[in-house]
Structures are given as C-alpha cells and as structure tokens.
4 protein chains.
Amino acid sequence: MSTPKNKGVRADGRRNRARILAAAEGVFADNGPSASTEQIAVRAGVAIGTIFRHFPTKQALLQAIMKDLLRQLTDQADALAANGDPATALFTFFTQTVEQAVRKKSVIDLLARTGIDLQITEAVQLLDHSVHTLLTRAQDVGAITPTTRTDEVTTLLAAMCQATTLPSWNPDLQHRTLAVIFHGLTPNPPNPPNQANDKQAEH
Amino acid sequence: MSTPKNKGVRADGRRNRARILAAAEGVFADNGPSASTEQIAVRAGVAIGTIFRHFPTKQALLQAIMKDLLRQLTDQADALAANGDPATALFTFFTQTVEQAVRKKSVIDLLARTGIDLQITEAVQLLDHSVHTLLTRAQDVGAITPTTRTDEVTTLLAAMCQATTLPSWNPDLQHRTLAVIFHGLTPNPPNPPNQANDKQAEH
Amino acid sequence: MSTPKNKGVRADGRRNRARILAAAEGVFADNGPSASTEQIAVRAGVAIGTIFRHFPTKQALLQAIMKDLLRQLTDQADALAANGDPATALFTFFTQTVEQAVRKKSVIDLLARTGIDLQITEAVQLLDHSVHTLLTRAQDVGAITPTTRTDEVTTLLAAMCQATTLPSWNPDLQHRTLAVIFHGLTPNPPNPPNQANDKQAEH
Amino acid sequence: MSTPKNKGVRADGRRNRARILAAAEGVFADNGPSASTEQIAVRAGVAIGTIFRHFPTKQALLQAIMKDLLRQLTDQADALAANGDPATALFTFFTQTVEQAVRKKSVIDLLARTGIDLQITEAVQLLDHSVHTLLTRAQDVGAITPTTRTDEVTTLLAAMCQATTLPSWNPDLQHRTLAVIFHGLTPNPPNPPNQANDKQAEH
DNA sequence: TATGAATGAGAATTCATTCAT
DNA sequence: AATGAATGAATTCTCATTCAT
C-alpha cells in the first residue's frame, strides 16, 4: 500500500510519454536539434515540467527519440528480411529509410551525430544486426558484391540520410544518388549482358 | 567602407579578418558548431567587439567560413582539372575533400546543414562548376558513367563529408565506402566484359 | 479530521506520519536543509502526495521536525533533572545535546535559522522551562554562577550546536570549547582559592 | 594592440564589481543565503549578465564575499594587535566581530557553513594567524588561560556570530553571553587571589 | 578602429504544490 | 487515504549583440 510499485495510474503517464516523444520528433524535424524544450512542451500540450519528469535531461529525450527511431528501422528491416525478396530487400530498406529521413530530417540527422554522445549502442547494434541479415541474404543470391561489409552499408545509409537535409535534395536527386550507391554495391558484371555473352561463349 | 574591397587603413584590418576566420574554423572544428563567439575571440587574440565589427552577425561569420571553405575546394578542383589525369581527377578530388572533412568535421558539418540558411549560393555554384568540369572530363575518357550528373556527384560528396562525423568513421571504413561510391560511378562493364566482347569481335 | 489527535482509521496514518518525520530528519541531515520533498518521499517509502496530506506545506514539515526535536531535548532535560546530580546535570545535558547535533547537523542547523520563521514558540518554551530547572538546581548547589540566566544558557547551547557544522569541528575541539563555556558558567573562585584556604586551614 | 591586456577600460568594471559585492552582501543579509542572483542584480542596479561576468558562478560570488569579509576581519584584528591593549584586544575583537555579525547576519552565517565548500582556506588561515597573535599577547600578560588554543577562540567566535541570527538575540543577551565566554577564557583565580596565594607560597 | 564591459532574452532544470485516479 | 503525474513559477547560467571608452 505504501510501496510505490502499482502500475495503475500510469495509463496517462505512458500516454503523455508518447505524446512528448512524438512532439519532440516533430519539433526537432522542423527546427533542428537545438529546438527548445519549451517548444516541445507547447506542441505536446503539456507543461514543461512534465517533459522533465519523463526525460530528466534533454540528452535523455534525444536518446529516447533515437532509440525509438532505431527500433522502428530495425523492425522494418526485420520485416523485409522475413517477407521480402532477398535480392531487393536491402535496397528496399535503404530507399525506405531515406524516404523517412526526408520527413524526420534533423532527427535522423541526430542519428548520425552521436557526437552528442547519446548512448544508444545497443539499439544501434540491433539495427546493425538486422541490416547484416539483409546484406547476407542479398549476397547469397549474388545481388550484392560478396566482399561488402555491414558497416559499409550502414555508413552509406547514414550518409544518405543526412544528405536528406541538403537544400538541393529532391525526389529525383534522391533516386539518382541511390541508384549510384546501389550500382556501387552490385557485383561487377551485373548479370544480363554477361549471361548472354557467357552462354554464347560456352558453346 | 566596411566591405573588404577598398583600400586604406585596412592593413591590419584585413589581417584581423583572416585571423578571425582561421580561429573560427579551428574553434568550430574543436568544439562543434555551437561554440561561442567569445571563444573565437580568445583564440583569435582579439576582443569580441572586433569580431562583430568584421562580421555583424554570427550568421555572417558562418557564411564567410563556408565561402572560404568552398573557395578552397574550388581551387583544388580547378588545380586537378588543370593538371590531373582526367580519368582519376574526380575521384582524387572526392577523396581529398573527404580527407579534409575529417579534419574540419563540424565545419563541413555546418556546410551541409544549411538549415542555418547561409546564403552562399554563389560560392556553391562556383564549386559546382569546377566539379562539373572534372566530371565531364572523366566522362569523356569513359571513366564515369555518361548519364551521371553533377548534382549527383556533389550530393554524394556532401553526404560522405558528413558521414565523416560518424563515431564509427575510420580510414579503413572511409576507403571502403568511397570504393563503393566510385564503383557506383563507374560504367557497367568496366574492363572484364570487354574480354567477352573481344571474343565476339574476334569472330 | 486531519489533526492527529482523533481516533479511527489512522493506525497506518499515524505510522506514516512518523515514517515521514524520520525520513525527513535523515534526508535533511544527509543532504542539507535544501533537500527536496521528493527525496523525503522516497526515503519514507511513500508517495509525495502523502507527505503533503500530512504536512500541507514544507514549512509545516519543518515545524514538525523541530517540534519533535525540541520535545526530545526537553525529555532528556527532564530526565536529567529527575535523576542526575544537580551539580553536573546541566553540563551533561549541554554535552549530550551538542553530541546529538553533530549527528543531526543541518537539522539542528535549521533550528537556529528560524529565519524560516517556524512557529515553534511553545516547544521552545517547554525546553526553556526544563533548562531553567536544570540551571536553578545547579545554581542552588553553587555549581553555576547565580547571576546566569536561562536565555544565556540556551543561547550558548544553540550557538555550540550550530558550531557543530563548522568544517573544523572534531571531538577534541568540541571538548575544549565546551570546557571554556563550562568554565565561563562556573562561579569565579570555583575551587583553587578554596584549596589555598584549605591549605591554610590545614596548618 | 590586439592583445587584450590593457587596463584602461576596467575603471567601470572594477566599480561594478564592488557594487555587486556590496549588493550581494546586503541581499544575503536580508534574505538569507538562498537569495536569488536576480535580486542582487536589481539591488546593484546592473543586469544579471553583469553579475555572471564578474562571478561566473553563484559559488564564486559567495566565495568573493567571504574572502572580503575575512579580509576585513583580519585587518581589524591586525589593527588591534598593533594598537590595542594586549589584555583586552582579543575581547574587543571578539565583541566587535559579533557586533558586525548582527548587521551582516546570514553573511557571517555563511562564513561558518563552509559546507557549501567555498574554498577560502587561505583567507581563513590569514584570519587565524591574526587571531593567534591577539591570543598570544593576551596570554603573555596573563589575561587569558595559557592553555587556550587558537582554534577554540575562532570556533567560539564563529559560534557566537551564528547565534546572532537567533530570533531572541538582542544587545543585552549578547553582552551577557559574551561575558560568559570571556570569563571562560580567563584564568581561574583571575588576579587578586593569586597575588595573595603567591606571596604566601613564596615564603 | 579596437576594446571589453554591460545587456537581457532565452535555455535547461528544479521543486513545492495541486489534482485526477 | 494514498498515489504519482502534471503544473508552472523560479533559478542559474549562456551568449549574441550593443555601446561607452
């Protein structure tokens, strides 16, 4: 009765936590990572104290957002690993993620800049693991150069997500730059032309 | 009177301007883009008022740094266009620039995040133009896919510069990711397919 | 209904009140008088709301602690008045109290700093009364200068309790400073002159 | 010309520093050590930023005040050591200091509570040294018990300064409690009895 | 022109207190 | 009665910018 371990009243607590996270994501996306906590409070429709009750530090809030985001990406990667065509799943994931980055701009932007030392190692590792799976499968079917390593993929992914914030960024440019990267990941004599040639050569 | 193009007492005036720019670059590189103007003043060995005399706004200072940086890059690109091997000059420029980004981290970092709306269109266009030259020449000798457009190259370049700030970044990773990109820019049957073609040609 | 003097469901109500008081004393002792109510709640194992139910204001909580403390001291004084040697009881009480102050530091500390205007006049008067008894008895047996008044004693006592918080405070220093005070309270030719007289008498 | 080492403009700077210190002393005396920096700014007639320019931390401000105060006391002690009657100088200093404490209340109050870890060791040692001189001289002329040590004196002094903040404090009480302490510091059979005894003993 | 002190709006964070559950 | 989430005023501190010297 006096030990504070009940889980009843937390219904609204958890609801607010979510609202705050959503608001924060939005505000950071709009105004960059230096947006004030006050703005977030306003957008979330709560008092500023409420934010600090849930996330005792701005850091903590940032961390939470990043973890959330990473988890989402991980889920998507896993879904593609489970259902998608191994040959294209990684590229789909890549495209999908960049697409979302456009919407979350500086949030994803933060993702990269762990210079602010958000401790999210675990969440990053989980994502890495899922990407690794996608990569391996693609390599198994010959869709991606076998020597490619996971960190190359995630780095290129992060890079393109950040590029999303460039003023010149647009869907067409996105399509063309991703094409370059995808080509860069594809084995040298891709397939079609060579096969034809090879067949002929075999005779 | 305040534009640095007229003559007069500005012997040390211009010297100060340069010192401030250098100091600012250094401070931003060391302490991130949120470094205070005061710190810059200290590093430059001038009073804070002097900084604001030269750059009426922090924005203006940022702009100046970026223009400076872009001009340097442009110069390097031009040098390579003049002296380098057309087939490799663009890749050399690419590598070179990323290499520098590693050292200037948060400066380059700012470059991308033009969310701070630095009006540097002109300097960017000059760089674009120089890159365009490098690209065209490489395409002329068949070193780069002919359909590649300049904005793809600059975007990929900016992306990789930003990736430089990732905590996992290291020379090896840099080498491998750039290799992917370079491969992505290279025409499909780079060499080996030629053998097949040659065989056919032999008939 | 809210005064803790009626009967009813307050079995655990009163228990909580005590727990809170104890916790508060401890927290203040450990973290200084600026400790937050939240900390007290944690240490007491109750929710913060419960604290405010029992003590509608932080002031009220402080008051309660002080009254508690004063009552304890009063009890001890009374015990010494009942059982102790009149000649030494006051000094014993003095020493005892200072000793406790060392342990309760910032609590006693608050005691003095009634700048926070705790209205505890009554409890203070009760203590004064008990001290007065001790003093009178000591004076009756010639152990303390007859002109000494109660407020001198309590003031010196309070002063020494506060001194307890000095960084240089230690048992040896405590012993020596109290010795000075005790000497100060002792009638002028306490013994030595007598010895001289005695010696003469012996001849 | 560009090195910031001139000392010209600092006229107003130093003036403000003094104003701030004075204001802070006053505000703390009135409102206790938890008074806000803003209040101090108002009383000093400067913007709050100015305070933080001079004292980068509230701690620093507190420290400065304490050092100032300690220096004043040290000066007074030294003056008395130079000019005063050795037999009474220490008591005069004691009284004088307590007298001032009445006016500076919680400032002196802070003095004691170095719990807030103001690093003022040096200033404290200087004062200790001066008090030591006063004490030694008094002991040399037999005005104070020879076994008394300096730390006893300074501790009793600090204790009485703090007692100054008690609500019951008043000039009469001050006089009487100090009398107790002075008596406590005085050799047992002050003088007259000893002479008699000594003479007899000489025989 | 350079200096550096002053300004003051804004940011993060804390905490006593209230109130819905 | 107890719980603990929400509130929001207050506080410390920062920093771009202004201005007297």
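In what follows, chains carry the letters A, B, and so on, assigned in the order in which the sequence lines appear, proteins first and then strands, with residues in each chain numbered from 1.
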Reading 5' to 3' through nucleotides 13-19 of chain E, protein heavy-atom contacts under 4.0 Å coded B for base, S for sugar-phosphate only, - for none: BB-SBB-
Whole angstroms only, please: what is the CG-C1' distance between L62(D) and dT12(F)? 13 Å
What's the CD-P distance between Q63(B) and dA16(F), to the nearest Å? 16 Å
4.5 Å side-chain heavy-atom contact, R19(C) and N16(C): yes
Nearest-angstrom distance from the residue atom CD1 of I51(D) to P of dG8(E): 13 Å
Rounded to the nearest angstrom, tell me the gap between atom CZ in R53(A) and atom P in dG4(F). 10 Å
Sidechain-backbone polar pair: T57(B) side chain, A60(B) backbone, donor-acceptor under 3.5 Å: no
For S34(D), what residues pass the side chain to side chain contact (heavy atoms under 4.5 Å, CB included) criterion, not counting sequence neighbours? none
Counterpart residues, salt bridge (Lys or Arg N to Asp or Glu O under 4.0 Å), relative to R53(D) (two or more places apart): none
To the nearest angstrom, how far is I40(A) atom CD1 from dA11(E) atom P? 11 Å
Any side-chain heavy atom of E25(A) sitting closer than 4.5 Å to one from L69(A)? yes
For A64(B), enumerate each residue passing the side chain to side chain contact (heavy atoms under 4.5 Å, CB included) test, keeping only those at least two apart in sequence or located in another chain. R17(B), L21(B), F55(B)
In whole Å, I'd like the distance from the CD1 atom of I20(B) to the P atom of dA2(E). 8 Å
Distance check: side-chain N/O of N16(B) vs OP1/OP2 of dA2(E), anything under 4.0 Å? yes
Going by the salt bridge (charged side-chain N to carboxylate O under 4.0 Å, His left out) test, which pairs reach into residues 56-68 of chain C, not counting sequence neighbours? D68(C)-R71(C)
Specify the separation, in whole Å, of atom CZ of R15(B) and atom P of dA2(E). 11 Å
Using a cut-off of less than 4.0 Å, is there contact between a side-chain N or O of T50(D) and OP1 or OP2 of dA5(E)? no
Dot-bracket for DNA chain F: what is it, with Watson-Crick or G-U pairs under 3.5 Å, [ ] where a pair crosses earlier ones, and | for a pair to another strand? .||||||||||||||||||||
Residues passing the salt bridge (Lys or Arg N to Asp or Glu O under 4.0 Å) test with R43(B), sequence neighbours excluded, are D30(B)
At what distance, to the nearest 0.5 angstrom, does CD1 of I40(C) lie from CD1 of I20(C)? 9.0 Å
